[in-house]
2 protein chains.
Amino acid sequence: MATGRTHRPATRSRGIPEATVARLPLYLRALTALSERSVPTVSSEELAAAAGVNSAKLRKDFSYLGSYGTRGVGYDVEYLVYQISRELGLTQDWPVVIVGIGNLGAALANYGGFASRGFRVAALIDADPAMAGKPVAGIPVQHTDELEKIIQDNGVSIGVIATPAGAAQQVCDRLVAAGVTSILNFAPTVLSVPDGVDVRKVDLSIELQILAFHEQRKAGEEAGAAAAHPAAATRPDAADQGPDGDVPAVMPA
Amino acid sequence: MATGRTHRPATRSRGIPEATVARLPLYLRALTALSERSVPTVSSEELAAAAGVNSAKLRKDFSYLGSYGTRGVGYDVEYLVYQISRELGLTQDWPVVIVGIGNLGAALANYGGFASRGFRVAALIDADPAMAGKPVAGIPVQHTDELEKIIQDNGVSIGVIATPAGAAQQVCDRLVAAGVTSILNFAPTVLSVPDGVDVRKVDLSIELQILAFHEQRKAGEEAGAAAAHPAAATRPDAADQGPDGDVPAVMPA
DNA sequence: CCATCTTTGTGCACGCGTTCACAAAGACAT
DNA sequence: ATGTCTTTGTGAACGCGTGCACAAAGATGG
């Protein structure tokens with residue numbers, strides 16, 4: 001999971017649980033695929049399989065939106081696509097700015113998934129004057145000095161931060177001051193924002209570390225307790241026990 | 001949150017809750033920063049603030065690892081860095097392959113966060129023959145045909161998929177067949193994998209959609225109940241199609 | 001050596017999320 | 001119209017994660 005809520009700790013937004021909201025885009029994607037194949041209806045079982053979730057969970061999720069299914073038949077694909085889109089706010093157009101046009105920022109600018117779902121890249125912003133005017137994904141990069149003006153002129157409320165960690169908080173502050181109230185943060189830093197501003201975090205490194213944890217565990221298990229910890233082997237006295245012989249060779253006094 | 005567990009639904013890996021594992025990298029980052037500033041010890045309160053979490057939660061998290069603190073003083077920074085690194089398996093070197101060297105793949109290859117934390121990009125793989133041999137981030141791209149050989153020669157157990165959605169499952173199958181047991185998926189698809197293989201998903205589009213949901217809610221609230229649903233107002237006969245243009249002109253009764 | 005003060009480690013309670021299992025609802029055939 | 005069959009919608013139970021609040025542990029000063 002590359003994510004982390006920041007604000008709104010567990011607030012159910014208008015009765016719809018956070019966990020459900022997080023799954024709606026998943027359902028929407030599966031439904032869109034069905035729609036493109038002109039499938040008229042789908043059962044909770046089929047859709048759940050396509051979205052990779054439990055069918056009971058899916059039904060309960062939909063029940064928060066209302067009773068949109070027909071017993072004995074299933075759900076009308078087109079109708080459900082519309083309902084979920086509306087619930088997620090994708091029936092309107094969201095102008096988005098991307099700040100920090102490095103490798104990642106450029107990748108984001110080129111990412112088709114945005115435009116296809118109601119998000120429009122209103123501007124690309126970078127601090128490097130040399131980047132200014134250079135087109136990325138067909139959009140000319142603008143300098144950071146223009147940030148406030150861009151936000152206001154375009155009525156941008158969602159900002160994406162793809163800058164180095166060091167610049168993130170500062171950029172964040174400027175975005176918020178200019179009126180942005182939702183931020184998607186790719187920089188490996190904890191951003192602090194005032195109440196009312198949502199931050200979601202995507203951290204590539206953290207995801208890999210979580211995988212490594214499970215990977216290590218798998219490796220340790222199959223190797224048996226003895227050769228469990230590669231690192232432990234380098235430890236002097238050790239007295240290694242368990243999969244995580246944690247005895248420090250030299251305790252910090 | 002750009003994430004989603006796939007396997008291992010709620011399995012506590014050897015007593016450490018998933019939620020805790022997911023926060024360990026966060027703590028590690030904060031601790032590393034302290035370490036670089038040569039701070040010797042830190043209290044749960046301070047560290048929690050730096051990591052953006054509750055101090056009680058942090059203490060409880062650490063308690064799963066063992067009693068590494070000193071009452072009245074706090075935690076030894078260096079020692080904790082070591083313990084968490086070891087727990088996450090970062091004391092060993094993880095060779096990683098990145099498949100799909102488009103904009104995103106290139107960004108990942110250039111991402112410094114990998115190398116700095118025990119991850120080594122063993123190879124870049126792309127299906128486009130024109131890419132073969134071309135260096136990205138100093139590493140020559142190799143063709144997909146070499147995939148199995150690369151995995152085996154380098155003992156790769158972690159794979160990153162940054163291909164288009166259409167190719168993802170196929171690439172995934174080949175990775176798994178060749179011996180990869182952990183996958184970080186950036187393609188917007190649900191991957192199916194056999195038992196014992198972990199998949200973590202990072203989906204840029206989903207994160208934005210979740211933000212849009214809250215953004216819409218904020219906008220609706222301040223506008224009052226009347227104009228609550230922007231889309232709903234135009235609904236009767238539609239005409240207004242969202243970005244997806246999926247509004248059914250006639251609601252399915 | 002004792003008192004005080006700081007900070008950890010954790011027992012406990014609460015709430016969210018997940019899952020099961022089933023009754024209610026509707027389609028469809030006869 | 002009636003019965004059967006499919007599938008939804010949800011009540012209820014359970015488990016995980018979070019946060020409070022406090023006792024235990026140790027440092028520090030006199």
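Treat the numbers as computed from the prediction; the structure is a model and nothing was measured. Order of the sequence lines fixes the chain letters, A, B, ..., with proteins taken first and strands second; residue numbering starts at 1 for each chain.
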Think [X] has a side-chain N or O under 4.0 angstrom from the OP1 or OP2 of [N]?
X	N	value
T70(A)	dG26(C)	no
K60(B)	dT10(C)	no
R71(B)	dT28(D)	no
R59(B)	dC22(D)	no
S43(A)	dT7(D)	no

Hey, does Y75(B) reach any base, or is it just sugar-phosphate, or nothing, if we go heavy atoms under 4.0 Å? sugar-phosphate

Send over the distance from [X] [atom1] to [N] [atom2], rounded to a whole Å.
X	N	atom1	atom2	value
F62(B)	dT7(C)	CZ	P	16 Å
Y64(B)	dT8(C)	OH	P	17 Å
D76(B)	dA27(D)	CG	P	13 Å
L58(A)	dT10(D)	CG	C1'	14 Å
K57(A)	dT8(D)	NZ	P	17 Å

Please test Y68(B) against Y79(B) for ring pair (Phe, Tyr, Trp, His ring centres under 6.0 Å), starting from the C-alpha separation and ending with a verdict. CA-CA 8 Å; Y68(B) 294 153; Y79(B) 183 54; 5.3 Å; yes

